[in-house]
Amino acid sequence: MNRPVPPALRAAFLSAEGVIYALFLALDLTGRGGQSVPLKYAGILLCLAFSLLGADRLVPLALALTAGADWFLLVRNDRYLLGIALFLAVQTVYLLRLRRAGADCAWPLRSALALALGAGVYALHMASAVNLAAALYFSQLASNTLLAWTLKGARRRAFALGLTLFVGCDVCVGLFNVLPPGSPPYLAASVGMWLFYLPSQVLIALSALPGKEDAK
């Protein structure tokens, strides 16, 4: 039986995430992004903890993998290939969630995007294990996002919006890694990564709560 989460608990979760969000954005916007890392990671762990209250067991699994990826990419700032591999696993879990909700696998779309992004990496002379893995991961995120918008229901729309913001985050990550350091677009991308990322994870955590579509 799916028990609804008390509104007060949901409000407390959103309030805590809002405070974390405001604090780390203030640090990022004032050039103190290094000090914001503990806050950012705390926001992800809070999403994981809240998702455990929901009806969907795949979301906590995906958020646990997300927390693992962020441990390497954000907290340690090393082992980039392992971090990206964990994010690819996250998208695999989300594909399982989409399939369970009735979405198609869309293998032609996934394959075409992966090949196109891989070819783009080679064309830009940026081929490396990390960049090719990132291209594969992004192709799966983009595919999942498109599929998520084909599903109906408030919780599923929250999931689709969360994945869309996830895409926005990763676009900023890509720009951050190719733009000249210190340039205005570079600085905008550096803030934009987490401007999109934490709200995306909050929405995904909320999408784990039971809704009308869960009764189908």
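In what follows, every heavy atom counts, from backbone to side chain, and hydrogens, waters and symmetry copies are set aside. Remember, predicted model here, so these are calculated numbers, not experimental data.
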Chemist: So do Leu53 and Arg10 actually touch side chain to side chain, heavy atoms under 4.5 Å?
Modeler: no
Chemist: Any side-chain heavy atom of Phe138 within less than 4.5 Å of one from Val167?
Modeler: yes
Chemist: Working to the nearest 0.5 Å, report the span between CD of Gln35 and CG of Leu23.
Modeler: 12.0 Å
Chemist: Do NZ/NE/NH1/NH2 and the carboxylate oxygens of Lys40 and Asp28 come within less than 4.0 Å?
Modeler: yes
Chemist: Closest heavy-atom contact between Glu17 and Leu198?
Modeler: OE1-CD2, 3.6 Å
Chemist: Working to the nearest 0.5 Å, report the span between CG of Leu98 and CG of Asp104.
Modeler: 10.5 Å
Chemist: For Phe50 and Val5, run side-chain contact (heavy atoms from CB on, under 4.5 Å): C-alpha distance rounded to whole Å, both residues' side-chain angles, the deciding distance at 0.1 Å, then the answer.
Modeler: CA-CA 10 Å; Phe50 184 78; Val5 173; 4.2 Å; yes
Chemist: Between Ser15 (side chain) and Ala12 (backbone), is there a donor-acceptor pair under 3.5 Å?
Modeler: no
Chemist: Do Ile44 and Leu63 have side chains that approach each other closer than 4.5 Å (heavy atoms only, starting at C-beta)?
Modeler: no
Chemist: When clusters are formed by joining ILVMFWY residues with side-chain heavy atoms under 4.5 Å apart, either directly or through shared neighbours, do Leu52 and Phe13 land in the same one?
Modeler: no
Chemist: Holding to side-chain hydrogen bond (donor to acceptor under 3.5 Å, both in side chains), I want the full list of residues that pass it with Arg99, two or more places apart in sequence or in another chain.
Modeler: none
Chemist: If every non-hydrogen atom of Ala64 is compared with every non-hydrogen atom of Leu48, which pair is closest and at what distance?
Modeler: N-CD1, 3.7 Å
Chemist: What closest approach, in Å, do Ala69 and Leu86 show between heavy atoms, and which atom pair accounts for it?
Modeler: N-CD1, 3.6 Å
Chemist: Could you please spell out the steps behind the ring-ring contact (aromatic ring centres under 6.0 Å, His included) verdict for Phe176 and Tyr186?
Modeler: CA-CA 5 Å; Phe176 179 81; Tyr186 174 89; 4.6 Å; yes
Chemist: So, does Thr30 use its side chain to make a donor-acceptor pair with the main chain of Leu27 at under 3.5 Å?
Modeler: yes
Chemist: If you round to the nearest 0.5 Å, how far is SG of Cys172 from CH2 of Trp194?
Modeler: 13.0 Å
Chemist: With a 6.0 Å cut-off on ring centres, are Tyr197 and Phe166 close enough?
Modeler: yes
Chemist: Are the side chain of Thr150 and the backbone of Leu146 linked by a donor-acceptor contact shorter than 3.5 Å?
Modeler: no
Chemist: Within a strict 4.5 Å, meaning less than it, do heavy atoms of the Leu147 and Arg110 side chains meet?
Modeler: yes
Chemist: Could you pull out the closest heavy-atom pair between Phe24 and Leu39, with the gap in Å?
Modeler: N-CD1, 4.0 Å
Chemist: Are Leu115 and Tyr137 linked, directly or through intermediate hydrophobic residues, by side-chain heavy-atom contacts shorter than 4.5 Å (ILVMFWY only)?
Modeler: no
Chemist: Check Leu109 against Ser143 and note the closest heavy-atom contact, atom names and distance.
Modeler: CG-OG, 3.9 Å
Chemist: Would you compute the distance between atom CG of Leu9 and atom CG of Leu14 and round it to the nearest 0.5 angstrom?
Modeler: 10.0 Å
Chemist: Is there a donor in the side chain of Ser207 and an acceptor in the side chain of Arg97, or the other way round, less than 3.5 Å apart?
Modeler: yes
Chemist: Out of curiosity, Tyr80 OH to Ile84 CD1, how far, rounded to the nearest 0.5 Å?
Modeler: 10.0 Å
Chemist: Any idea which heavy atoms bring Ala205 and Cys47 closest together, and the distance?
Modeler: CB-O, 3.7 Å
Chemist: In sequence, state the C-alpha distance, the side-chain angles, and the governing distance for Tyr41 and Leu74, and then conclude on side-chain contact (heavy atoms from CB on, under 4.5 Å).
Modeler: CA-CA 8 Å; Tyr41 197 62; Leu74 173 70; 4.2 Å; yes
Chemist: Taking the side chain as everything from C-beta on, heavy atoms only, tell me whether Trp149 gets closer than 4.5 Å to Arg157.
Modeler: yes
Chemist: Say whether Trp71 and Val90 are linked into one hydrophobic cluster, either directly or through other cluster members, by side-chain heavy-atom distances under 4.5 angstrom.
Modeler: yes
Chemist: Out of curiosity, Asp56 CG to Ile204 CD1, how far, rounded to the nearest 0.5 Å?
Modeler: 11.5 Å
Chemist: Is any side-chain heavy atom of Phe87 closer than 4.5 Å to one of Asp70?
Modeler: yes
Chemist: Any chain of hydrophobic side-chain contacts (each under 4.5 Å) joining Met193 to Val202?
Modeler: yes
Chemist: Heavy atoms, side chains only, cut-off 4.5 Å: are Arg79 and Leu73 in contact?
Modeler: no
Chemist: Tell me whether Phe72 is reachable from Leu141 by hopping between hydrophobic residues (I, L, V, M, F, W, Y) whose side-chain heavy atoms are closer than 4.5 Å.
Modeler: yes
Chemist: Is there a donor-acceptor pair under 3.5 Å between the side chain of Asn144 and the backbone N or O of Tyr94?
Modeler: no
